[in-house]
Amino acid sequence: MHDSDPLMNVSLTRRQFLKTATFAAGVLLAGCGPKGVPGARVTLTQWYHQYGEPGAQEAVQRYAREYTKLHPDIAVRVVWIPGDYSTKLGTALLTRNGPDVFESSLSLPMVTAGEVVPLDDLFTPEIRADFNPKDLALNSVGGKIYGVKMFDDTAALYYRKSILEKSGVEPPGTMDALIEAVKVLNKAERKSLFVGNDGGVGSLLTIVPWSAGSDFLVDGRVVFSNPRTAAAYEKLLELNATNALLMGAPTDWYDPSAFTQGLAAMQWTGLWAYPAIRKALGDDFGVLPWPALDAQGAPATFLGGWTAMVNAQSSQIEEAKKYVKWLWIDRTDLQKDWCLSYGFHVPCRASVALTADALRAPAAADAVHNLSVYGHALPPQWNSAMGTALTDAATHILKEGRPAAESLAVAAHKCEVVLRRMQE
């Protein structure tokens, strides 16, 4: 994971929560071993961050072995990275001993530093048309594509159908409707909504501005310091002021326990939580995108996930590109396996997603539709320093009661300084 994408930071936090407690410290090597296989002409090194889902590590090892079986002269050595993947990857990419293939989220500095290889030649017109255009955009800089998206992550507003029906509450389509709903649903034994123990500062940081029709970076310009963004955060502050939000839950928004255990009638959490929610509640739940701020806004959710890239300092660039193409473009069966056998994610290719039976269940299908229609992603120019500036502004607004317009102006100025430095 690369720190340039706050949505990916969310994903890493969730996966850190899921990882097994007994995982051995240090870098674990798997697949073909450090020397490859006898007779191999080339050994490619492929890095993954430590996924927490059971079976994920074994799956990528199996993919690597299958590729070597089909291409006996090319061995693939899988490296499973626990801990601070972002820092370890960033350090490795500065040397000639970094991985040939790795997963991350694209950032502008990666491109300007010459750390990643353009992969446009892997995308025929037919393949390009099959990928979510938003995935292509967030992996592109200067008209070139630098990565192949491995899967899409998103989130949804889960709600208990029976509770809303019993209370005479319709699934909310706007923030005002949501505020009225939480007032009705709030009970002594159960809160109405859980968006995280910080009241949504982290989970809804980018979501509520998107629901207002606002954005963050457009054509290389910082654009979030505007009345619509201010209104969105002020409405989130109003939602917090209802005292109907669950606070102090044992786990945070990325874990569905608060929802499945009946601590809240609604919860904003990831699509990754769908299997646990379905197991606990059966069909007694529905999903929504985050409600629109108002009639001028639109529902919103995020488009997250991980991307496969090729190291520009690799001595085996062509072989690495062929492996990425085989795994993340040609082998749609493995893409489906990766997305749905060890977690719950959306394949990036429309043709693959359409054939995934697990995504046809009503709530899952709704979430996939919402991702396609309402999903947003931050561009490669957005980095962690900008995310920190925006988080500080949201904290000032939601926790300290500072004026929204003033806080956003300060954050925008900080982001503009960072952006100028990146572009120098």
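Since the structure is predicted, the reported quantities are computational estimates derived from the model, not experimental observations. Positions are given from 1 along the sequence.
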For the residue pair [X] and [Y], establish whether any side-chain heavy-atom pair is separated by less than 4.5 Å.
{"X": "F151", "Y": "Q335", "result": "no"}
{"X": "Y254", "Y": "T251", "result": "no"}
{"X": "L236", "Y": "L204", "result": "yes"}
{"X": "F102", "Y": "V116", "result": "yes"}
{"X": "I397", "Y": "R402", "result": "no"}
{"X": "M110", "Y": "M309", "result": "yes"}
{"X": "K414", "Y": "L390", "result": "no"}

Are the charged groups of [X] and [Y] less than 4.0 angstrom apart, N to O?
{"X": "K399", "Y": "D198", "value": "no"}
{"X": "R62", "Y": "D337", "value": "yes"}
{"X": "K336", "Y": "D333", "value": "no"}
{"X": "E66", "Y": "K69", "value": "no"}

Do side-chain atoms of [X] reach the backbone of [Y] as a donor and acceptor pair under 3.5 angstrom?
{"X": "D73", "Y": "R41", "result": "no"}
{"X": "Q267", "Y": "F259", "result": "yes"}
{"X": "S372", "Y": "V368", "result": "no"}
{"X": "K149", "Y": "N139", "result": "no"}
{"X": "D100", "Y": "A320", "result": "no"}
{"X": "S203", "Y": "G196", "result": "no"}
{"X": "T307", "Y": "V148", "result": "no"}
{"X": "R349", "Y": "I329", "result": "yes"}
{"X": "R228", "Y": "S214", "result": "no"}
{"X": "K134", "Y": "G375", "result": "yes"}

For the residue pair [X] and [Y], does the interplanar ring angle fall in the parallel (under 30°), tilted (30 to 60°) or perpendicular (over 60°) class?
{"X": "F216", "Y": "W382", "answer": "perpendicular"}
{"X": "Y85", "Y": "W306", "answer": "perpendicular"}
{"X": "Y67", "Y": "Y323", "answer": "perpendicular"}

Side chains of [Y] and [X]: any donor to acceptor distance under 3.5 Å?
{"X": "S107", "Y": "N383", "result": "no"}
{"X": "D84", "Y": "T87", "result": "yes"}
{"X": "Y48", "Y": "Q46", "result": "yes"}
{"X": "E103", "Y": "Y51", "result": "yes"}
{"X": "N97", "Y": "T95", "result": "no"}
{"X": "N226", "Y": "T229", "result": "yes"}
{"X": "Y146", "Y": "D120", "result": "no"}
{"X": "T174", "Y": "D294", "result": "no"}
{"X": "R77", "Y": "T43", "result": "no"}

Would you give the length of the straight line joining atom [atom1] of [X] to atom [atom2] of [Y], rounded to the nearest 0.5 angstrom?
{"X": "L303", "Y": "D153", "atom1": "CG", "atom2": "CG", "value": "9.0 Å"}
{"X": "Y233", "Y": "T395", "atom1": "OH", "atom2": "OG1", "value": "9.5 Å"}
{"X": "S407", "Y": "D392", "atom1": "OG", "atom2": "CG", "value": "10.0 Å"}
{"X": "K321", "Y": "S314", "atom1": "NZ", "atom2": "OG", "value": "11.0 Å"}
{"X": "S257", "Y": "L263", "atom1": "OG", "atom2": "CG", "value": "8.5 Å"}

In this structure, is the centre-to-centre distance between the rings of H376 and Y374 below 6.0 Å?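 Aromatic pair excluded; centres sit 6.0 Å or further apart.
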Are F131 and F123 close enough that their ring centres sit under 6.0 Å apart?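 Yes - the distance between ring centres of F131 and F123 falls below the 6.0 Å cut-off.
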Contact summary for [X] and [Y], nearest pair of heavy atoms:
{"X": "P82", "Y": "Q50", "answer": "CB-OE1, 2.8 Å"}
{"X": "A292", "Y": "P299", "answer": "CB-N, 3.7 Å"}
{"X": "L138", "Y": "L378", "answer": "CB-O, 4.4 Å"}
{"X": "L193", "Y": "L239", "answer": "CD2-CD2, 4.0 Å"}

Tell me, yes or no, whether the heavy-atom count around E170 atom CD, taken from other residues, nucleotides or ligands under 6.0 Å, exceeds 12.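 Count not over threshold, so no.
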Could I get the full list of side-chain hydrogen bond (donor to acceptor under 3.5 Å, both in side chains) partners for T154, not counting sequence neighbours?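 For T154, the residues satisfying side-chain hydrogen bond (donor to acceptor under 3.5 Å, both in side chains) (neighbours in sequence not counted) are T301.
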